[in-house]
Amino acid sequence: TRSTERFMPLAHVINHTHWDREWFLTHEYTTAWIPALIDSLQALASDNADYEFLFDGQSLVIEDLFRTRADYREHVDKLIRGGNLSIGPIYSQPDWRMVSGELHLRNLEYGMTDAESLGGSPDVAWLVDTFGHISQAPQILASAGVEACYVWRGVPQMTPLFNWEGADGTSLATIDLFGGYRNLYGITKTAQIAVHRLVAEVDKLASSYGDLPIPLFDGYDLDTEPEDPVEYYRHLDVPDRIEVVASSPRTYVDTVLPHLADAPVIKGELLSGKFGSTFPGSLSSRTYLKMLHHDAEIAMHRRVEPLAALATACGVRWDRETYERASRELLQNGVHDCLCGVSIDQVHERMERSYRRMLEFADERQDEL
């Protein structure tokens, strides 16, 4: 028992990076940074067999890596099977409000399949930078076996935990990162104030967490220099009143699950900008892209694929790889930094070309069928 918990806060440190695949750069540039990250993770895991790192809860980043550096498959496979690296359960970080329910389901299908093919078993969703969440999200996530999720933007109240009730009544255990997902990043680069940063963050959050452990996150957007902060703090003069432990999204969920019974219930969509902006202007920016995305989804999922499925009765081969490739491309365009219209022009120009190719393919394929 921890009868002196208020005098000895327990800090769970989660190592991760949020990977903005395309935002201020195109994916060709950001993908080139991934090998260095994997190299660093290998070194950390070699020094500490229990080290854990979350690669943004999406499998697309690993697909990018394998497409450009197939020689890294063995390294990634070893890290995942060793419990040092987590990916999935989604394929890409979506903009919930701008893609269809069909595409959300495929997002989970591809993410789960990719992760499991490498030895992973993801069941906790990481959605900390998504610009708001639809009311069906708990239902969609739970349908794929997701047991809990982490969110930040859109939550209407400051509560560490809540039971998120979806439109159909499905309830999902949810962790609210109102303290942000990068509140302890780069700790080894600030050696002179490393302890001060830890103490200040713990003291800031202690009153909000009560008897709950306090999650701290060492990671930043496109961070290619992961650290082992818990091991680092072992050699520093951390006050005895603070206990620092290595954690992971799954470990933290397991620790706080007994407290979910007393946690508040929040129903429906999470679109509040009170504690984390959901950027409502993104709904109307670059509307031509949103229209193209809608048209491409309709063309592929409601016209061509149904026709192709019917054609199998006449002996036409089902071209699964082509259709899955198209859906994955739609999901790449549907990432929260892309479809919302906040990326650089080069990203949006690539997306426009992608949609137009897909529409041309759909028309040609429909005529063939």
Chemist: Please indicate whether His196 has more than 12 foreign heavy atoms, meaning atoms of other residues, nucleotides or ligands, lying under 6.0 Å from its NE2.
Modeler: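 It does not: His196 NE2 has 12 such atoms or fewer within range.
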
Chemist: For Tyr209 together with Phe178, are the ring centres under 6.0 Å from each other?
Modeler: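 Yes; Tyr209 has its ring centre under 6.0 Å from that of Phe178.
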
Chemist: Are the charged groups of Arg241 and Asp203 less than 4.0 angstrom apart, N to O?
Modeler: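 Yes.
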
Chemist: Check this for me, if you would: do Arg106 and Glu324 make a salt bridge, where the nitrogen-to-carboxylate-oxygen distance has to be below 4.0 angstrom?
Modeler: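 No salt bridge links Arg106 with Glu324.
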
Chemist: Check whether any side-chain heavy atom of Val146 lies under 4.5 Å from a side-chain heavy atom of Asp123, and answer yes or no.
Modeler: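 Side-chain contact under 4.5 Å: no.
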
Chemist: If you count heavy atoms of other groups shown closer than 6.0 angstrom to CG of Asp237, is the number above 12?
Modeler: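 12 or below, so no.
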
Chemist: Any salt bridge between Asp77 and Arg81, counting N to O under 4.0 Å?
Modeler: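 Looking at Asp77 and Arg81, the cut-off is met.
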
Chemist: Mind checking salt bridge (Lys or Arg N to Asp or Glu O under 4.0 Å) for Asp319 and listing every partner two or more places apart, or none if nothing turns up?
Modeler: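 Result, salt bridge (Lys or Arg N to Asp or Glu O under 4.0 Å) vs Asp319: Arg317.
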
Chemist: Quick one: list whatever passes side chain to side chain donor-acceptor pair (under 3.5 Å) with Arg302, sequence neighbours left out.
Modeler: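 Once residues adjacent in sequence are excluded, Arg302 has no partner under the side chain to side chain donor-acceptor pair (under 3.5 Å) criterion.
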
Chemist: Using the rule given for side chain to side chain contact (heavy atoms under 4.5 Å, CB included), can you reason through Ser272 versus Thr278, listing the C-alpha separation, both sets of side-chain angles and the distance that settles it, and then say yes or no?
Modeler: CA-CA 7 Å; Ser272 171; Thr278 54; over 6 Å; no

Chemist: Are Asp295 and Arg356 within salt-bridge range, i.e. N to O under 4.0 Å?
Modeler: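 Looking at Asp295 and Arg356, the cut-off is not met.
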
Chemist: Look at Lys189 together with Glu227 and state whether they make a salt bridge at an N to O cut-off of under 4.0 Å.
Modeler: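 Looking at Glu227 together with Lys189, the answer is yes, because their closest N to O distance falls below 4.0 Å.
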
Chemist: For the side chain of Ser248 and the backbone of Thr251, is there at least one donor-acceptor N/O pair under 3.5 Å apart?
Modeler: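 Checking the backbone N and O of Thr251 against the side chain of Ser248, a donor-acceptor pair under 3.5 Å is found.
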
Chemist: Would a 4.5 Å heavy-atom cut-off, applied to side chains only, mark Leu37 and Phe53 as touching?
Modeler: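 With C-beta onward as the side chain, the pair touches.
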
Chemist: Taking side chain as C-beta onward, heavy atoms only, is Glu165 less than 4.5 Å from Pro138?
Modeler: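 Glu165 does not reach Pro138 side chain to side chain.
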
Chemist: Please verify the inter-ring angle class for Tyr150 with Tyr252; under 30° counts as parallel, over 60° as perpendicular, anything in between as tilted.
Modeler: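 It falls in the tilted class, 30° to 60°.
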
Chemist: Check ring-ring contact (aromatic ring centres under 6.0 Å, His included) between His75 and all other residues, then give those that pass, not counting sequence neighbours.
Modeler: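 Per chain and number, His75 pairs via ring-ring contact (aromatic ring centres under 6.0 Å, His included) with Tyr72.
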
Chemist: State whether Arg350 and Glu22 are salt-bridged, where the test is any N-O pair (Lys NZ or Arg NE/NH1/NH2 against Asp/Glu carboxylate O) under 4.0 Å.
Modeler: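 So Arg350 pairs with Glu22 through a salt bridge.
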
Chemist: Taking atom OH as the centre, does Tyr288 end up with more than 12 heavy-atom neighbours from other residues, nucleotides or ligands that are less than 6.0 angstrom away?
Modeler: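 Enclosed: over 12 neighbouring heavy atoms sit under 6.0 Å from OH of Tyr288.
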
Chemist: Quick one: are the ring centres of Trp164 and His133 less than 6.0 Å apart?
Modeler: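 So the answer is yes for these two rings.
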
Chemist: So, using side chain to side chain donor-acceptor pair (under 3.5 Å) as the criterion, who are the partners of Arg67 when residues are at least two apart?
Modeler: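 With neighbours one apart ignored, the set is Asp64.
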
Chemist: Among Trp126, Trp152, Phe217, whose ring pair (Phe, Tyr, Trp, His ring centres under 6.0 Å) with Tyr181 holds?
Modeler: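 Single pass found, and it is Trp152.
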
Chemist: Just to verify, what does Asp47 make a salt bridge (Lys or Arg N to Asp or Glu O under 4.0 Å) with, not counting sequence neighbours?
Modeler: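 So Asp47 forms no salt bridge (Lys or Arg N to Asp or Glu O under 4.0 Å) with any residue.
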
Chemist: Would you say Ile134 and Arg97 make side-chain contact, with heavy atoms under 4.5 Å?
Modeler: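 Of all side-chain heavy-atom pairs linking Arg97 with Ile134, at least one is under 4.5 Å.
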
Chemist: Taking only residues two or more places apart in sequence or in another chain, which ones pass side chain to side chain donor-acceptor pair (under 3.5 Å) with Gln93?
Modeler: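 For Gln93 there are no side chain to side chain donor-acceptor pair (under 3.5 Å) partners, ignoring immediate neighbours.
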
Chemist: Are the aromatic rings of Phe55 and His16 close, with centres under 6.0 Å apart?
Modeler: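 Centroid separation for Phe55 and His16: 6.0 Å or greater.
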
Chemist: With side-chain hydrogen bond (donor to acceptor under 3.5 Å, both in side chains) as the test, pick out the partner of Tyr323 among His301, Arg365, Arg328.
Modeler: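 Checked His301, Arg365, Arg328 against Tyr323; only one passes side-chain hydrogen bond (donor to acceptor under 3.5 Å, both in side chains): Arg365.
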
Chemist: May I ask you to decide if the ring planes of Tyr91 and Tyr110 are parallel, tilted or perpendicular, using 30° and 60° as cut-offs?
Modeler: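 Judged by the thresholds at 30° and 60°, the geometry between Tyr91 and Tyr110 is perpendicular.
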
